[in-house]
Amino acid sequence: MSYILAIETSCDETAAAVLEDGRKVLSSVVGFQWDIHRKYGGVVPELACRRHIEIIHPLTEEAIKKGGITLKDLDAIAVTSSPGLIGALLVGVSFAKALSYSLNIPLISVNHLEGHLWAIFLEKRVPRPFIALVVSGGHTNLYLVEEMGKYKLLGSTLDDAAGEAFDKVARVLGLGFPGGPAIELYGMKGNPDAVAFPRPLSKRKGFDFSFSGMKTAVLSYVRGMYNVAHVDDIPEALTGNDQFKADIAASFQQAIVDVLVSRTIGAAKNTGINRIVISGGVACNKLLRQRMKSDAGQNGMKVYIPSPQYCTDNAAMIAWVGYRYFKKGIYADLTLNPNAGTRIG
Ligand code: KG4
Ligand code: ZN
């Protein structure tokens, strides 16, 4: 039996998980910070770090306890060291280093994006190679995954990430934070064809994305309709106009899903690979899950999506990757430092 403890603090979720023999999740605990960031409509890095510091210790104890093991049973500590908010990463890396030193067990450095790429393997095996869309608050990347460590970046966003666009549009409409779930909820009551928002780069070759123009299009549309001078006044101007908000949410969601699905299917066709994995927080979106599956099905492709708890940030996915490095003897040491911007592929 081997037991890996993983720590994840790259953004606004503090997470710890215990994995047995590289496959069985004994515990996966996530501390969300929505209460802190909600009033700002987005993640405030300094506040995120402070909350990580406050809860990382009790949260890790909870993961160990729920896993039914003790610290002495651990064989290695895996930690997300990049990419992410530098201060947030620093909390997890420092904590993991201290634990690894005091328990005298290996420290393993894991890239957050690699965690998202392999999260599906916590639940299912996917034959390789496959096309992977990592779509979250910080990233919108399309990869060709050949095997562990062998990734080709096919395309990525030129500006905002898709989740960031969801968050910003929700903020404009005063729907709450995080924006993705709020837009999804409102969108259920709206008409997705009410407004034809642009689908940026749809005529351009390649597999890059651009989402900042979509947010601006929503903003211009709402300001045009309601003649609001300042963006911060929009939520108040829309008070009581729930159907309008629902129509905008549904139309925006449809536009963003169209872009994500068509680009991903395009990449699969172009490479001749008929397996698609999607992950990251935006992969929780029901419309995206349905549309990706149905469009892929029509093209003879198969789609694999983790259950929502493994789409959003979690430490179980970090443990999965960490175990693979552990088996290969690829260890970090106490000189490990976080890095805000490492890419893979
Ligand atoms: O992967 P994640 O938990 O953290 C990052 O690595 O960024 O993703 C968070 C993002 C947020 O932008 C959030 O609005 C979005 O995922 N999200 C969703 C949904 N649930 C979370 N976006 C659309 N629909 C959802 N249901
Ligand atoms: Zn993430």
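This chain uses plain numbering: 1 for the first residue, then up along the sequence. Read the numbers this way: they start at 1 and go in the same order the structure lists the ligands and their atoms.
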Can you give the angle D313 OD1 - the Zn ion (ligand 2) - H112 NE2, rounded to 10°? 90°
Within 45° of the axis and under 6.0 Å from the centre of the six-membered ring of Y186, does NZ or CZ of K189 qualify? yes
Which ligand 1 atoms does G163 reach within 4.0 Å, using its non-hydrogen atoms? 12 (O)
May I ask you to check whether H139 brings an N, O or S atom to under 2.8 Å from the Zn ion (ligand 2)? no
heavy-atom search around atom 23 (C) of ligand 1 in the protein gives G180 CA, 3.4 Å
Among all protein heavy atoms in this structure, tell me which lies nearest to atom 2 (P) of ligand 1, with the distance rounded to 0.1 Å. D313 OD1, 3.5 Å
Which atoms of ligand 1 are found less than 4.0 Å from any heavy atom of G138? 7 (O)
Indicate yes or no: does an N/O atom of G280 lie under 3.5 Å from an N/O atom of ligand 1? no
Donor-acceptor check, side chain of R263 to backbone of D208, threshold 3.5 angstrom: yes or no? yes
Classify the ring geometry of H116 against H112: parallel below 30°, tilted from 30° to 60°, perpendicular beyond 60°. perpendicular
Is the shortest N/O to N/O distance between D167 and ligand 1 below 3.5 Å? yes
Where is the nearest protein heavy atom to atom 26 (N) of ligand 1: which residue, which atom, and how far? E184 OE1, 2.6 Å
Taking 4.0 angstrom as the limit and counting only heavy atoms of G179, give me the atoms of ligand 1 inside it, by number and element. 14 (O)
May I ask whether P181 has any heavy atom positioned less than 4.0 angstrom from an atom of ligand 1? yes
Provide, to 0.1 Å, the distance between atom 24 (N) of ligand 1 and the closest protein heavy atom, together with that atom's residue and name. N285 ND2, 3.0 Å
Should the pair Y221 and F197 be assigned to parallel (<30°), tilted (30 to 60°) or perpendicular (>60°) ring geometry? perpendicular
Could you tell me if any non-hydrogen atom of H112 lies under 4.0 Å from any atom of ligand 1? yes
Between the side chains of D160 and K168, is the shortest nitrogen-to-carboxylate-oxygen separation below 4.0 Å, so that they form an ion pair? yes
Among the heavy atoms of H139, does any lie under 4.0 Å from an atom of ligand 1? no
Are the aromatic ring centres of F244 and Y226 under 6.0 angstrom apart? yes
Any luck finding a side-chain donor-acceptor pair between Q254 and D193 under 3.5 Å? yes
Should the pair W320 and W118 be assigned to parallel (<30°), tilted (30 to 60°) or perpendicular (>60°) ring geometry? parallel
When you check the gap from the basic side-chain N to the acidic O, do K286 and E184 get nearer than 4.0 Å? yes
Could you tell me whether F166 and F252 have their ring centroids closer than 6.0 angstrom? yes
Just checking: C11, one of its N/O/S atoms, less than 2.8 Å away from the Zn ion (ligand 2), yes or no? no
Could you tell me whether H116 approaches ligand 1 through its side chain, its backbone, both or neither, with non-hydrogen atoms closer than 4.0 Å? side chain
Are R51 and D12 close enough for a salt bridge, meaning some N to O gap below 4.0 Å? no
Tell me, which protein residue and heavy-atom name are nearest atom 9 (C) of ligand 1, and how many Å apart are they? G137 N, 3.8 Å
Does ligand 1 come near enough to F166 that some N or O of the ligand is less than 3.5 Å from an N or O of the residue? no
Are the charged groups of E62 and K66 less than 4.0 angstrom apart, N to O? yes
Is ligand 1 less than 4.0 angstrom away from at least one heavy atom of E13? yes
G281, any N or O under 3.5 Å of ligand 1 N or O: yes
